[in-house]
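Here is the structure we will look at.
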Amino acid sequence: MPDPLILGLESSCDDTAAAVLRGREILSSVVMGQTELHAAFGGVVPEIAARAHAEKLDLAVEEAVSRAGVTLADLDAVAVTAGPGLIGGVLSGVMLAKGLATGLGKPLVGVNHLAGHALTPRLTDGLVYPYLMLLVSGGHCQFLIARGPQEFTRLGGTIDDAPGEAFDKTARLLGLPQPGGPSVEEASKEADETRFAFPRPLLDRPGCDLSFSGLKTALLRTRDKLVAEQGGLHEADRADLCAGFQAAVRDVLREKTRRALALYLAESPAVPAFAIAGGVAANKAIRAALETLCAEVGVRFTAPPLALCTDNAAMIAYAGSELLAAGETADMTLAARPRWPLDRAAAPLLGSGKKGAKA
Ligand code: KG4
Ligand code: ZN
């Protein structure tokens, strides 16, 4: 029997997405962003996002199905993000998926958005369970051991901001364009990362938890001090501030990854592998540091392509296919959940990212 043909829907934040997959083959992946709708507000406005999802979801589905060269009737299942995220958007997706599944008489699968991200290395690189994952983006930062489509152990995560958020804030403080990550990385090239001594938060504490809000404050103070002394910032100041900030994030991620790898390797996994995913995984300095670290301890390093690290529906369809294979289908009682931690045993995280609740 061929692998089932699965439609995936994603609408938990500010991307309206639909994709069609057969097994690990992505037949189509449509992502309709909303950046311009939220641009004037300095962040994602939940009500605007929900309305845009409601308007665009069926268009995304039509396009995904037609680009895949199939019809709705060919589908074997409908998978949808059922949380965590901005509730209005999640609801739009869940309602449409219920309608489609009922109309087509096909199974419905409710997918955890974070599981979608966490299973992406299986879709792209065929990793086998258990593998260690670092999810690091504008909204998330956590270390997970993935053991199965619904089985994750959280080793640690940020206790305040996500690193992408800190990159964005840094860029804003220095008058560089958004998204901040690429601007800060670009400005750091050939700059002096040792000129400003930024803190390496939480390195003095055991464990894999991280913190980035203090780093942001340190950057703000250093900037203000320079402005007070010189009356403004020179190009070189800006570059050195960026480089110092990026080096601090890199060092913290490297040390915490070292600890997470040690915990993971203590379980003697059959095929040790590490994956980094999320927007911040695009950062070459961070990536190179973690790649070197993995080589040192004999762990395979993978990083899914960026288009599959940022929000998309291919990851939802893929996670849906694993759940379907495990018989984990949903029914019409499937609820949209604003919060939905991956590790059911771990203590809930406090705080809320700029794009919604951190699960
Ligand atoms: O995964 P993502 O696209 O979206 C969510 O957070 O949901 O991640 C976006 C984040 C932004 O904060 C952006 O500044 C950051 O990833 N980012 C980077 C780089 N490219 C994107 N951070 C550091 N270096 C980069 N090259
Ligand atoms: Zn996401």
Side-chain angles (χ1 to χ4, degrees), residues 8-17 19 31 33-35 38 42-44 46 49 81-86 89-90 93 111-120 133-142 144 157-158 161-174 176-189 193 212 215-216 219 242-243 245-250 252-253 275-290 303-316 318-319 338-340 342 352-359:
L9 300 180
E10 158 61 37
S11 55
S12 65
C13 187
D14 59 348
D15 290 303
T16 310
V31 180
Q34 305 177 352
T35 314
H38 304 284
V44 176
T81 299
L86 300 173
V90 179
V111 175
N112 181 312
H113 176 85
L114 297 172
H117 282 302
L119 297 184
T120 300
M133 176 92 202
L134 169 58
L135 270 182
V136 63
S137 70
H140 322 294
C141 183
Q142 52 183 325
L144 294 165
T158 182
D161 298 342
E165 238 173 312
F167 269 99
D168 294 341
K169 184 75 189 287
T170 295
R172 220 168 286 132
L173 290 174
L174 299 177
L176 298 170
Q178 296 292 319
S183 326
V184 171
E185 180 171 15
E186 179 62 31
S188 302
K189 279 188 191 153
E193 67 171 52
F212 295 98
L215 193 49
K216 224 169 49 185
L219 184 110
C242 284
F245 166 82
Q246 180 174 280
V249 175
R250 177 201 64 206
V252 168
L253 287 175
I276 180 171
V280 181
N283 188 284
K284 292 192 194 67
I286 293 171
R287 216 174 157 114
L290 302 189
L306 206 58
L308 292 172
C309 282
T310 52
D311 287 350
N312 67 86
M315 68 179 189
I316 302 304
Y318 177 74
R339 285 189 176 237
W340 185 359
L342 271 183
S352 185
K354 71 175 191 307
K355 291 182 168 181
K358 284 191 188 109

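In what follows, residues are counted from 1 in the order of the sequence shown. As the structure lists them, so they are numbered: ligands from 1, and atoms in each ligand from 1. Only heavy atoms go into these numbers, but all of them, side chains included; no hydrogens, no water, no symmetry mates.
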If you count the atoms of ligand 1 from 1 in the order shown, which ones are under 4.0 Å from a heavy atom of Glu185? 25 (C), 26 (N)
Heavy-atom nearest neighbour of atom 2 (P) of ligand 1 within options Ser188, Ala166, Pro179, Gly279: Gly279
Close-contact set for ligand 1 against Gly180 heavy atoms, below 4.0 Å: 14 (O)
Could you identify the N, O or S atom of Asp311 positioned closest to the Zn ion (ligand 2)? OD1
Please check if the side chain of Asn283 supplies one atom and the backbone of Gly181 the other of a donor-acceptor pair under 3.5 Å. no
Rounded to the nearest 0.5 Å, how far apart are OH of Tyr318 and CG of Leu308? 12.5 Å
Donor-acceptor contact below 3.5 Å, side chain Arg287 vs main chain Ala281: yes
Indicate yes or no: does an N/O atom of Ser137 lie under 3.5 Å from an N/O atom of ligand 1? yes
Does at least one non-hydrogen atom of Gly139 fall below 4.0 angstrom from an atom of ligand 1? yes
Can you tell me how far the CZ atom of Phe212 sits from the OG1 atom of Thr170, to the nearest 0.5 Å? 11.0 Å
CG-SG distance between Leu135 and Cys309, expressed to the nearest 0.5 angstrom: 9.0 Å
Does the pair His140 and Thr158 meet the rule for a side-chain contact (heavy atoms from CB on, under 4.5 Å), with working shown? CA-CA 8 Å; His140 322 294; Thr158 182; over 6 Å; no
How about Cys13: does one of its N, O or S atoms come closer than 2.8 Å to the Zn ion (ligand 2)? no
Side-chain heavy atoms of Gln246 within contact of Glu193, under 4.5 Å: no
Let me check your reading of the structure: within less than 2.8 Å of the Zn ion (ligand 2), is there an N/O/S atom from His113? yes
Please report the shortest heavy-atom distance between Cys13 and Asp311, naming the atom on each side. CB-OD2, 4.0 Å
Using a 4.0 Å cut-off to any heavy atom of Asp168, which atoms of ligand 1 qualify? 11 (C), 12 (O), 13 (C), 14 (O)
Give yes if a backbone or side-chain nitrogen or oxygen of Phe167 is under 3.5 Å from a nitrogen or oxygen of ligand 1, and no if not. no
Does any N or O atom in Gly181 lie less than 3.5 angstrom from one in ligand 1, N or O only? yes
Under 4.0 Å from one or more heavy atoms of Gly138, ligand 1 contributes atoms 5 (C), 6 (O), 8 (O), 9 (C), 10 (C), 12 (O)
